[in-house]
Structures are given as C-alpha cells and as structure tokens.
Amino acid sequence: MRLITLKDGMRPAALVTSSAGDRVLDLAGVAESVVRILGDASAADAARAAIEAADPSTLPLRSEVALAPPVTPGTIFAIGYNYRGHTAADPDAVVADPAHPDVFVKTANALRGADEAVVLPRQSEDVDYEGEIALVIGTAGRDIDPADALDHVGGYTLLNDVSARDWQNRTSQWTLGKNFDGFAPLGPAVVTPDEISDPADLVVEVERDGEITVSQSTSTLIFPFAELIAYLSQAVTLMPGDVISTGTPQKLTSALATHRPLAHGDAVTIRVAGIGELTTRFVDPDNTPAP
C-alpha cells in the first residue's frame, strides 16, 4: 500500500493506480490515521480490502488534492555520514567508517508535506539539500534485536534533509542548521514493507533542476536499516510514527564541483524505485510562488 495523509482534515488515504495516473482513496472510514494502519494488522487488512474494492475511475486524481506529511512523527531521528564514499567537505579525503551512527534530530517546525514549498531563510547564504530514505516505525520497541528490527518498520518514505550549511558548520552541534522552518519535507506516501522486495538494494537518486546529482545504492550503507533501528532503541523507546531518516549518499563529482546554494525557483526531486518521488520547490522569503 501507498498511504498518504490528506491536508483537508488530516485524513488517511491511499494512492490507487489508474490509467490516468494515481488516484486517491479516502480511508477515514477505516482508521483515524496512517500510523494506525501501519501498526494495526486489522486496520491494514481493512485498508487493503477497501483499495481492492475501489473503482479508480470514481476517485479524484492525486493532482487534485493537497497532502500533509504522511505521518506526524513524535521524533525525527536523522543520521549523518552513512554511505561509503560520503565525505564532509573534501572530495579527495579518505573517511574511515564511524564506529557508531552519527545521530541528530529534526524538530517539529521543520516538517512539511510534499506539496509545500520550502521558504529559503534570509539568515543563511548556503542552503543545501540531502535526499534520504526514511523509515516509519509501525510497532513500538526498546532494546530491539537487529534480527527483529525490520519487523518494527511500518513503511518507507522519503525525506529531504534540507540544511543551512553556514549555520550547520558554525559549531559541532548541527541543530540550528538542520532545523529552520520547513527543513524536513516528508512523503509523499508511506509505502508498506510488502511493496519493497529488498531494502538493502534500493537506489537513491536525486535530481536538481533536471540534473542527476546523487545516485547510490543502499547496499553501500555503513549502518543498514536494521542496525540503525537496533542502535537507536538501546537509548530510546521507538514509538509508532517515529521517523528515522537514514542518511544521504555523497553527491556525484560533477555536482560537488559545481555546488551552488539553493535559490528561488529551484526544484529537487528524490526518487527511489518502489517508494516513489518527493519533489520540493524552494522559494524566496517573500513566499512568492516559484515559476
């Protein structure tokens, strides 16, 4: 299933394939939220039955509805360097694998839905993007065994870890640089695990204004998804709806060589086969719509 949250009434819904493109099936009669469907087997079964029974021709097109983030996390955990080949600044540097995941948190003010533009803050001169696969916790857990960790995943989605590099690099703590308002676009859909044949073989591709700037497989992760879940759960009880953004691959050499901060009208698309596409547009602080 591909589950979304409608901005109108924050109602759960599903994307249904049709010859005219994705259509939207309201699931408010099945459950009160996407998180409930992800974590409750009976709600998930009811949602699947509703999708199978739906006539796509009677449903609105995805383009006709506005989306909120698919879930509203209690916590968004984010991971720093987690793909081999990702260097902090110097593309020629050799970086050893870290002993432990580099964990930080994205705050609630940063969360945005797939249809919302990100306003570039006046206070930063170097806003950048990071395309990431995000795990949505379906079942709570503490001290989770790595062998059981993926059983706690309710679904997979996409997150753009927007970052103000100048603020991020001011201190050893990244919090402010990672958490300007709108710096965590999430979605558009949460895809349930049965749709993903092998989470260790997904290619994260990022496109900026028509140019592919990132393309790398999760087979190169330093800390695979199960290890991240197990590690975090040693310190924190993971709750349904919590999000773990699993890190970004290094940008391609050509993109690094021509780095420029995000500007008004820029569009960044994160694409992962099986999970979908998240496109974020960036606008000036006066909030003038991008062309």
Side-chain angles (χ1 to χ4, degrees), residues 4-10 33-35 65-80 102-137 157-190 206-209 213-214 239 241-248 251 259-270 276-291:
I4 57 177
T5 294
L6 304 178
K7 196 168 185 179
D8 180 13
M10 297 299 289
S33 68
V34 167
V35 172
V65 301
L67 301 187
V71 296
T72 302
T75 305
I76 303 174
F77 300 96
I79 308 300
D102 193 351
V103 181
F104 60 98
V105 171
K106 302 282 277 190
T107 49
N109 64 294
L111 189 65
R112 290 294 185 272
D115 296 332
E116 298 178 86
V118 172
V119 178
L120 295 164
R122 291 186 177 88
Q123 296 83 357
S124 175
E125 297 181 352
D126 191 4
V127 178
D128 201 3
Y129 59 92
E130 296 186 0
E132 308 192 5
I133 295 172
L135 315 177
V136 180
I137 297 300
T157 189
L158 303 172
L159 184 141
N160 192 333
D161 178 18
V162 184
S163 307
R165 299 299 187 201
D166 42 5
W167 282 66
Q168 179 183 348
N169 294 327
R170 284 181 178 181
T171 69
S172 62
Q173 304 301 306
W174 297 353
T175 301
L176 289 181
K178 292 285 190 176
N179 286 299
F180 279 81
D181 291 347
F183 272 21
L186 184 72
V190 176
V206 180
E207 180 178 326
R208 177 181 179 174
D209 298 324
T213 59
V214 171
M239 299 299 294
D242 283 349
V243 165
I244 303 171
S245 199
T246 58
T248 184
K251 291 184 176 70
H259 168 75
R260 61 181 176 86
L262 289 164
H264 177 78
D266 283 349
V268 173
T269 297
I270 306 164
E277 295 186 0
L278 171 65
T279 296
T280 302
R281 292 195 171 274
F282 294 85
V283 298
D284 280 339
D286 62 5
N287 211 18
T288 303

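The residues of the chain are indexed from 1 along the displayed sequence.
- Side chain of T269 to backbone of L278: no donor-acceptor contact under 3.5 angstrom is found.
- For the residue pair A263 and L120, the shortest heavy atom distance occurs at C-CD1, 3.6 Å.
- Closest approach of I4 to P188, counting heavy atoms only: CG2-O, 3.5 Å.
- Results of the side chain to side chain contact (heavy atoms under 4.5 Å, CB included) test with F77 over I137, T246, D242, V243 single out D242 as the only residue that passes.
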- Task: Carefully, step by step, assess V65 and D8 under the rule side chain to side chain contact (heavy atoms under 4.5 Å, CB included).
- Result: CA-CA 8 Å; V65 301; D8 180 13; over 6 Å; no
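- Checked by atom type and distance alone, the side chain of K106 pairs as donor or acceptor with a backbone atom of K178 at under 3.5 Å.
- Between the CD1 atom in I76 and the CG atom in L186 there is a gap of 6.5 Å [rounded to 0.5 Å].
- Looking only at distances, no side-chain donor or acceptor of N160 sits under 3.5 Å from a matching main-chain atom of G131.
- Remark: L158 CG to T279 OG1 distance equals 10.0 Å, nearest 0.5 Å.
- Proximity of L67 to K7: side-chain heavy atoms (C-beta onward) are nowhere separated by under 4.5 Å.
- Summarising the geometry of A164 relative to S124, their closest heavy-atom pair is CB-OG, 3.4 Å, with the distance given to 0.1 Å.
- Here the shortest heavy-atom pairing between D115 and A66 reads OD2-CA, 3.3 Å.
- Under a 3.5 Å cut-off, the side chain of E132 and the backbone N or O of G247 do form a donor-acceptor pair.
- Counting heavy atoms from C-beta outward, R112 and V162 have side chains that stay 4.5 Å or more apart.
- Counting only heavy atoms from C-beta outward, the side chains of H259 and D126 approach each other to under 4.5 Å.
- Closest of all the heavy-atom pairs between V127 and P121 is CG2-CD, 4.0 Å.
- Counting heavy atoms from C-beta on, the side chains of V268 and L262 come closer than 4.5 Å.
- For R122, there are no salt bridge (charged side-chain N to carboxylate O under 4.0 Å, His left out) partners at least two apart in sequence or on another chain.
- In this structure, D161 and F104 have side chains that are in contact, with non-hydrogen atoms separated by less than 4.5 Å.
- Between the side chains of S163 and D128, not a single donor N or O lies within less than 3.5 Å of an accepting N or O.
- Heavy-atom minimum distance, D266 versus P261: OD2-O, 4.2 Å.
- Here OG1 of T213 is found 3.0 Å from OH of Y129. Values are rounded to the nearest 0.5 Å.
- Annotation for D209: atom CG counts as buried by contact number, over 12 foreign heavy atoms lying within 6.0 Å.
- In this view, N109 and T107, D181 satisfy the side-chain hydrogen bond (donor to acceptor under 3.5 Å, both in side chains) rule, not counting sequence neighbours.
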- Could you walk me through whether R260 and R208 pass side chain to side chain contact (heavy atoms under 4.5 Å, CB included), step by step? CA-CA 11 Å; R260 61 181 176 86; R208 177 181 179 174; 2.8 Å; yes
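- Between the side chain of N179 and the backbone N or O of V105, at least one donor-acceptor pair lies under 3.5 Å.
- Rounding to the nearest 0.5 Å places CD1 of I244 at 13.0 Å from CD1 of I133.
- We find the CD-CH2 distance between E125 and W167 to be 11.5 Å, quoted to the nearest 0.5 Å.
- When side chains are defined from C-beta on, F180 does not count as touching V118, because their heavy atoms never get closer than 4.5 Å.
- To the nearest 0.5 Å, atom CD1 of residue I270 and atom OG1 of residue T248 are 8.0 Å apart.
- Taking a 6.0 Å sphere around CD of Q123, one finds it holds more than 12 heavy atoms contributed by other residues, nucleotides or ligands.
- Side-chain contact between L176 and R170 is absent, with no heavy atoms from C-beta onward closer than 4.5 Å.
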